[in-house]
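I have placed the structure first, in the form of structure tokens, so that the comments after it can refer back to it.
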Amino acid sequence: MKQDTTGHLSPEELVSSLVDGKDPGGPAGLHLQACPECRLERQRILEDLRALGRKARDCAPEPARKIVLPSREPAWSRLQPFGWALGAGFAAAAAAAVILFLAPVHQDTVPGGQGRVVTAAGGMSDAALMADVSRLTENALPDAYAEISPEASTDAFDDDEVLDFVVPISDDDGLT
Amino acid sequence: MQDTLHGDSQATGSGQEEGGESPAMDPRLIAEVRQAAAGDRAAFESLIGRYQGEIFRMVYYRTLSRMDAEDITQDVFIKAFRGVETIRDPVMFKPWLYRIALNAVNDFYRKKRLRSIFTLFSGDREEGQAPEEDRASERLERKEFWGWLGKFLTRLSAAEKEVFRLKYLDDLGIREIAEVLGKNESTVKTHLYRAVDKFRCEKELCGFLKEEKP
Ligand SMILES: [Zn+2]
């Protein structure tokens, strides 16, 4: 950074001293102490920045909602990495239970069949039904999709990891 | 970016200063953070009382949506409540809270982008595009301000933008910003210097602000 041709501090030097929060050292600092014009210019930039902060505050609403805190959580819910897998496991188990419960009572009357009752599973054996249920709960995708999808991971996927993969952070400047 | 901080800074505060030094922290605040970290719910509620307004505004400055700012602020404090026991140094509470808030805002935008991908394929209109209830009645002046500011911010890099907002909109000190972003103070100053240098050339925005001065 260099002083401008008038002998005053350059705008860059003024900004630098403003960001540092202290007068620059050496000749630039001595000049700043002695020159009302330079001090005024630095003050002008500072006032604009302060006005910006005030204006932003004036142009923002006040929060209207009360923050509601949860009750202290039970220890098991702190198993964050496994939360997703546990949820999926419960959902699969619940789905299997519903299918097993409904299958025998879902009745249909065969036309002309004298009210003969058949189960939804038709003549399927228990073993075949269980195999189907297992297949469904382990992999809900149809076979065609299963072939093109990556092998199911045994790792519990965190929501954030999925999000990181699908929508990476767009920050183009890593603040390094 | 992680949400836990264990730094050992000795001072932090309002960010009123223009450089790196900050005024000493209020002893009552230190006590409240310690109590909250030890599991005192009332102490944490008191911290909410202190910081809800500024966290809400911080989020609003980045979303310009009152409803989203309310939702995100709620999430920020719940997350903070669940993690406050990890705070070792009370001085770190505020930067830690801002870090959680910044992460929450980033997550909000990533989810929004994800939603927009799906709505693009499904042909639905994105929910968030509906005009906000308060937008219709918002004064022209406010719209103008956010418009000028938004235009200026597009001229900054992502890092310059965030450092500038944390400093001059959120009123954090350099040291606090460094803690929030997990960067050193000289890096923060470098980005801030570039941002302010662009700001001083922003005649329209500065002119608009001057009109507003009493
Ligand atoms: Zn001068």
Side-chain angles (χ1 to χ4, degrees), chain A residues 1 10-24 41-73 77-78 80 159-176, chain B residues 17-21 39 41 44-45 48 52-53 56-57 60-61 66 69-70 73-74 77-78 81-82 106-107 109-111 113-114 117 134 141-142 145-146 149 157-160 162-163 167-171 174 181-183 187 189 191-193 196-197 199-200 205-206 208-210 212-213:
Chain A
M1 273 179 268
S10 67
E12 291 79 13
E13 282 174 306
L14 289 173
V15 169
S16 186
S17 82
L18 191 150
V19 167
D20 279 339
K22 55 179 191 270
D23 286 352
E41 179 57 13
R42 186 175 68 169
Q43 193 60 25
R44 184 196 64 76
I45 302 170
L46 189 55
E47 279 305 316
D48 284 345
L49 289 164
R50 285 177 175 159
L52 181 80
R54 282 196 303 271
K55 190 72 195 165
R57 202 188 158 106
D58 289 348
C59 290
E62 287 295 315
R65 202 186 298 168
K66 190 181 184 312
I67 302 291
V68 182
L69 293 178
S71 52
R72 287 279 177 195
E73 315 170 304
S77 68
R78 289 177 181 251
Q80 279 289 338
D159 274 357
D160 286 345
E161 284 178 53
V162 175
L163 204 60
D164 278 340
F165 177 73
V166 182
V167 190
I169 293 173
S170 65
D171 211 339
D172 55 348
D173 190 329
L175 273 171
T176 46
Chain B
E17 86 294 355
E18 300 307 325
E21 293 308 312
R41 193 184 176 95
F44 191 85
E45 281 167 346
I48 292 176
Q52 183 180 1
F56 171 83
R57 276 189 294 277
Y60 182 83
Y61 294 155
R66 180 184 206 136
E70 295 276 18
T73 304
Q74 168 78 32
F77 280 103
I78 288 176
F81 180 61
R82 288 178 173 151
N106 287 337
D107 276 351
Y109 275 111
R110 288 158 72 202
K111 282 172 185 162
R113 279 166 54 210
L114 184 62
I117 292 169
D134 62 350
E141 181 193 311
R142 289 185 179 199
F145 169 70
W146 294 119
L149 181 60
S157 74
E160 289 163 11
E162 201 44 70
V163 166
K167 175 72 183 136
Y168 295 109
L169 302 187
D170 303 318
D171 203 23
I174 300 287
L181 300 174
K183 302 292 166 190
T187 302
K189 281 183 181 178
H191 290 296
L192 194 59
Y193 165 79
V196 175
D197 200 41
F199 174 81
R200 86 180 161 76
L205 176 58
C206 292
F208 177 81
L209 292 168
K210 280 191 180 65
E212 300 302 312
K213 284 177 188 170

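To find a chain, count down the sequence lines: A is the first, B the second, and so on, and within it residues start at 1.
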- [ ] Dump the intermediate steps for side chain to side chain contact (heavy atoms under 4.5 Å, CB included) on B:L205 and A:L52, then the final yes or no.
- [x] CA-CA 9 Å; B:L205 176 58; A:L52 181 80; 4.0 Å; yes

Nearest atoms (heavy-atom pairs only) where [X] meets [Y]:
| X | Y | result |
| --- | --- | --- |
| A:A64 | B:R66 | CB-NH2, 4.3 Å |
| A:A56 | B:L169 | CB-CD2, 3.7 Å |
| A:V19 | B:Y193 | CG2-CA, 3.9 Å |
| B:C206 | A:D48 | SG-OD2, 3.6 Å |
| A:K55 | B:F145 | CG-CD1, 3.3 Å |
| B:Y61 | A:A60 | CE2-CB, 3.9 Å |

TODO: Could you tell me whether the side chain of A:P63 reaches within less than 4.5 Å of the side chain of B:Y60, counting heavy atoms only?
DONE: no

Task: Side chain proximity check, B:R200 to A:E12, heavy atoms < 4.5 angstrom - done: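 They are in side-chain contact.
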
TODO: Measure B:F81 against the heavy atoms of chain A and call it side chain, backbone, both or neither at under 4.5 Å.
DONE: both

Open item on the list: Can you tell me which portion of B:F77 sits under 4.5 Å from chain A's heavy atoms? Options are side chain, backbone, both or neither.
Closed with: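 For B:F77, the contact with chain A is made by backbone and side chain together.
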
Open item on the list: I'd like to know if B:R142 pairs up with A:D58 as an ion pair, taking the criterion as any Lys NZ or Arg NE/NH1/NH2 lying under 4.0 Å from an Asp or Glu carboxylate oxygen.
Closed with: no

TODO: List in chain and number order the residues that pass side chain to side chain contact (heavy atoms under 4.5 Å, CB included) with B:Q74, two or more places apart in sequence or in another chain; answer none if no residue qualifies.
DONE: A:I67, A:V68, B:I78

Task: Nearest-0.5 Å distance that lies between atom NZ in A:K66 and atom CD1 in B:I48 - done: 7.5 Å

Open item on the list: Please report the interatomic distance CD(B:E141) to SG(A:C59), rounded to the nearest 0.5 Å.
Closed with: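 With rounding to 0.5 Å, CD (B:E141) is 6.0 Å from SG (A:C59).
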
TODO: Under the salt bridge (charged side-chain N to carboxylate O under 4.0 Å, His left out) rule, collect the residues that match up with A:E41, sequence neighbours excluded.
DONE: A:R44

Open item on the list: Strictly distance-based, threshold 3.5 Å: is any side-chain N or O of B:R41 a donor or acceptor partner for the main-chain N or O of A:L69?
Closed with: yes

TODO: Could you check which of B:T73, B:L149, B:V196 has the highest count of heavy-atom pairs closer than 4.5 Å to chain A?
DONE: B:V196

